[in-house]
Amino acid sequence: MKELPKIYDPRQVESRIYDFWMDGGWFRADRGGDKKPFTIVMPPPNVTGQLHMGHAMDCTLQDILIRYKRMQGYNALWLPGTDHAGIATQIKVEEELRTKEGLTRHDLGREKFLERVWDWKQKYGDTIVRQQRKMGASCDWDRARFTMDEGCSRAVREVFVSLYEKGLIYKGSRIVNWCPHCVTALSDAEVEYKEKPGNLWHLRYPITGEPGRYVVVATTRPETMLGDTGVAVNPADERYKDLVGKTCMLPLMNREIPIVADEYVDLEFGTGCVKMTPAHDPNDFEVGLRHNLAAIRVLDDNGCVNENGGKYQGMDRYEARKAVVADLEALGLVEKIEDYVHNVGTCYRCGSDVEPIISAQWFVKMEPLTHEAIRVVKDGETKFVPERFTKNYINWMENLHDWCISRQLWWGHQIPVWYCDDCGKMTVAREDPTECAHCGSKNITRDPDVLDTWFSSALWPFSTLGWPDDTEDLRYFYPTDVLVTGYDIITFWVSRMIFSGCEHMKKTPFHTVFIHGLVRDDKGRKMSKSLGNGIDPLEMADKYGADALRYNLVTGNSPGNDMRFYVEKCEAMRNFANKLWNASRFVMMNLTIDKNELPGTLELEDKWILSKLNDLAGEVNENLEKYELGIAAQKIYDFIWDSFCDWYIELTKARLTGDDAAAGEQAQRVLLYVLTETLKLLHPFMPFITEEIFQALPHEGDALMIQRYPVYRPELAFPAEGARMEKVMEVISAIRSRRSEMNVPSQKRPHLFIAAEDREAFESGQGYLRRLAMTGDVTVAAEPPADAESMVSVVTRDARCFLPLSELVDLDKERERLGKELEKNRGFLEGQRKKLANEKFVSRAPENVVAAERERAEKLEALIANLEESLRRLG
RNA sequence: GGGAGCAUAGCUCAGCUGGUUAGAGCACAUGCCUUACAAGCAUGGGGUCACAGGUUCAAGUCCUGUUGUUCCCACCA
């Protein structure tokens, strides 16, 4: 028998157990056999990333599901990997380059710079993987992928070319979101709008040929006026009817620009006149197209005024803003300046204000792709859990603009397009071409841009399984089963995986999207580097154990809702782990058997705990199937702590320490069985400690992690015996409560007289009544003892108990107490009777509900009768 | 402007398809080193389930509205 330390120390256990699993090869998913596949692809964290609390939660939820499915007998594949994370990674490497060597990427050149990024990836790329292992992640590491590995890159290329061939990818000059700091275009999804205080400048543009007359336009970005090529009014606006068709003079630039009429202009807002800057505003761009307005770009890629900005050339956008306003004021052309709070688009990576800029970029034509992506969700082929996120998804899908996929970065999948220097045409190819496909010229230059990171992530569920090749893995494991991710990433990623799966695989990539919320700090704020309020999951795992951290992250919250992180909860969960540890120690210390087998005959308390365990197994399976992980975890917690430790272990002590060896062994067998089944139930949630204990117990099979997950078994349901046991437990609780009220010292062990109908239940349980209710001898009879009047009485629904503690009793107080209890229960009974007297209730409520209410009423009546009897005896 | 969530004990939150006298952790109070565990045991106090209507035999749970709060989407110069 193995002696275990008194306090569970996860540090001694976790890494050893993890190695044990790895050595066993149990994380590897096989194909075929008589098992079915179950697949989760891990949302790939950034290569340069550190595990934060959100990852830890994500990781825990996935690991619970995959371990559960593995134990159910599936070929369970959890496919891990990392994402190259274009902008994020490039920024990091550039920063290091600047601070350490004072260089920019341009100093190095593309090739050398990319070498540096790959070096960086080699160096830090496995940090997060190590951290995931610490959390207990049971991924198939042999299948780990990277979005820029050879296979994923081929998938990206295939998708780009085939979408191009289908006419779903095009290059066009359009307004895009431009980050002047990252110097690249961004997709709509990568822009975060933030409310910022600003101004609304009202500017006067003189009407041509009508001295002294102006149109007044309002703007939040006065510097863009340098690129104005028109003024628009609403065609229905009576105020400006005569101006349409005329021109005005653009101040500072002295450019004559037309006044046009367009529905886009809101009559109510501002003056009803809008300056048109087609090169720097998406709406103006559209209006410009309708009225043939020129698009004059006045900002360069760094956000500085370019050669089209006259004397302001070279100023950055904010400098130019001040200068333009100052000059206009000097000319008397600023009518007024209002304070104005408006939404400003910012870069989701660096936070700089995004500038809408006209630019030649690559786009995915979204509209044709959305139909199937919407259908599969509407038809339930892919379901969101919780369901409410479906609406988010559909709404987003239905209002999509084309997806800008080109980025002016170096780190990423370079766009497979070559431009011919001679004929000017494009060659789009699966293999790198040596000549122009149109004229055969060798003078071809590759498009320098790379693809949006999410372009490759969108293919993750099938590129990781071998696509575009027709691999065995792909055929076996695709479509995958569940995607686990936070709600913040539905638009970025989930939606794109769905339409990509539909388009390229003709099947939606997963049947369930399991959404979780954000992990916030104890004040409800997002954890962030800038706030410095992040809690390192590894520190928590180290201090309290990965199991405790996992339990913290999965209990007490429900799918899709944010949770607050409390260190105290880690402590509580560590205590729970320790509780289990000590319960296991207790079982082991009393173990003389070496085989896990239930005994042939069972005592009442055995049947009670087995029945409880059986119910638990049934419920936990139900909850897990419905993704109610927190509820399942809570039930297991309650079972272990309340039912198993606080009751059952205590109940077995009489047998274990008694003289009857056979009875002792019987108790051992049940203890071992119940503990082992409980470990199985808990294993997906707390993998380390459960495996460690399992290995120390007599067991069959190599590892707990590959045992069969318990299910409900009708032959182990003992509802009648369970109810009888609870009669006794109720008496124990009632006596304890009375003792506590009366401050009876625990050394005091009074004789216990019980008057009850079901005498057998109480007679057979004398041992544990003595032990748990701290009494002396127990006498069970049909009627109370003769001198019951002088004793302390304790009343339950099924028994009247009498304790000769008269010296401690104040008869008046006793009467008062009984009276109060009687009052209370009469109140309940009255309610109950009313309900049962209600003809509508009896006729309309389901039979079982009515029966339950009847039974409840009967029990109340019994309790009241007992109370009345006791009170009567007191006189 | 459109949409969604949340509002339950002092704090943080569970409460699944309506059905016991609404639960947990932490905190609090009292008594216990009872040979698994003081990271523990026993007992106890504490809640008009935001507000107002409605549906129902029955509402914390479903519907409508109100208030407060958080978030997502759109982006009107």
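We use all heavy atoms of the structure for the numbers below, so side chains are in, but hydrogens, waters and symmetry mates are not. Letters A, B, ... are given to chains in the order of the sequence lines, protein chains preceding strands, and every chain is numbered from 1. Quantities reported herein were computed from a predicted structural model and do not represent experimental measurements.
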- prompt: Do the side chain of A/R856 and the base of B/U20 come within less than 3.5 angstrom through a donor-acceptor pair of N or O atoms?
  reply: yes
Identify the pairs formed between an N or O of the protein and an N or O of nucleotides 4-8 of chain B at a distance under 3.5 Å, and give each distance.
residue, atom, partner, partner atom, Å
B/A4, OP1, A/K391, NZ, 3.1

field: Atom P, compared across B/C41 and B/A27: separation rounded to whole Å
entry: 13 Å
message: Do A/R321 and A/W201 form a cation-pi contact, if we require the NZ or CZ to be under 6.0 Å from the six-membered ring centre and within 45 degrees of the ring's axis?
response: no
If you restrict it to nitrogen or oxygen atoms, what contacts under 3.5 Å exist between nucleotides 75-77 of chain B and the protein, and what is each distance?
residue, atom, partner, partner atom, Å
B/C75, N3, A/N343, ND2, 2.8
B/C75, N4, A/N343, ND2, 3.3
B/C76, OP1, A/N283, ND2, 2.0
B/C76, O2, A/D266, OD2, 3.2
B/A77, OP2, A/Y340, OH, 2.8
B/A77, O2', A/A218, O, 2.6
B/A77, N6, A/D266, O, 2.9
B/A77, N6, A/F269, O, 2.4
B/A77, N1, A/D266, N, 3.3

Intra- and inter-strand pairs of RNA chain B in dot-bracket (Watson-Crick or G-U wobble, both distances under 3.5 Å; | for another strand): (((((((..((((.....[...)))).(((((.......))))).....(((((..]....))))))))))))....
Partner set under salt bridge (Lys or Arg N to Asp or Glu O under 4.0 Å) for A/D646, not counting sequence neighbours: none
message: If I pick the C1' atom on B/C16 and the same atom on B/G53, what distance separates them, to the nearest angstrom?
response: 27 Å
- request: Determine: side-chain N/O of A/K859 to OP1/OP2 of B/U20, distance under 4.0 Å, yes or no.
  value: no
A/W178: partners by ring pair (Phe, Tyr, Trp, His ring centres under 6.0 Å), with sequence neighbours left out: none
- prompt: About how many Å separate SG of A/C570 and NZ of A/K543, when rounded to the nearest 0.5 Å?
  reply: 9.5 Å
- prompt: With sequence neighbours excluded, what pairs up with A/V377 under the side-chain contact (heavy atoms from CB on, under 4.5 Å) test?
  reply: A/T382, A/F384, A/T390, A/Y393, A/I394, A/I498
- line: Regarding the side chain of A/R736, the nearest nucleotide among B/U43, B/C11, B/G15 is B/U43
- prompt: In whole Å, what separates the P atom of B/A22 from that of B/G10?
  reply: 16 Å
message: At less than 4.0 Å, is any side-chain N or O atom of A/T555 found next to OP1 or OP2 of B/A24? Yes or no.
response: no
Protein-nucleotides 54-56 of chain B N/O pairs closer than 3.5 Å?
none

message: Taking B/C11 as the reference, what is the distance to B/C28 when you measure between their P atoms (whole Å, please)?
response: 15 Å
- prompt: Using atom P of each nucleotide, how far apart are B/G60 and B/U20 to the nearest Å?
  reply: 10 Å
- prompt: Using atom C1' of each nucleotide, how far apart are B/G2 and B/C49 to the nearest Å?
  reply: 30 Å
Qualifying side chain to side chain donor-acceptor pair (under 3.5 Å) pairs with a residue from residues 558-578 of chain A, counting only residues at least two apart or across chains: A/R388-A/N561, A/Y487-A/D562, A/R520-A/D562, A/S558-A/N561
Results of ring pair (Phe, Tyr, Trp, His ring centres under 6.0 Å) for A/Y627 - residues two or more places apart only: A/F514
- request: Would you tell me whether A/H202 and A/E338 have side-chain atoms, one donor and one acceptor, within less than 3.5 Å of each other?
  value: yes
query: Under 30°, 30 to 60°, or over 60°: which ring-plane class applies to A/W641 and A/F576, parallel, tilted or perpendicular?
result: parallel
- request: Between B/C16, B/C37, B/G19, spot the one nearest the side chain of A/N582, thanks.
  value: B/C37
- prompt: Can you name the residues that form a side chain to side chain donor-acceptor pair (under 3.5 Å) with A/E190, not counting sequence neighbours?
  reply: A/S187, A/Y348, A/R407
query: OH of A/Y551 versus P of B/G25: gap in Å, rounded?
result: 13 Å
message: Run the side chain to side chain donor-acceptor pair (under 3.5 Å) test against A/D228 and tell me which residues pass, sequence neighbours left out.
response: A/Y205, A/K275, A/T277
Between the protein and nucleotides 38-40 of chain B, list every N/O to N/O distance that falls short of 3.5 Å.
residue, atom, partner, partner atom, Å
B/A39, O4', A/N575, OD1, 3.2
B/A39, N3, A/R574, NE, 3.1
B/A39, N3, A/N575, OD1, 3.4
B/G40, OP1, A/N575, ND2, 3.1
B/G40, O3', A/K579, NZ, 3.0

query: What interatomic distance, in whole Å, is found between P of B/A9 and the corresponding atom of B/C51?
result: 11 Å
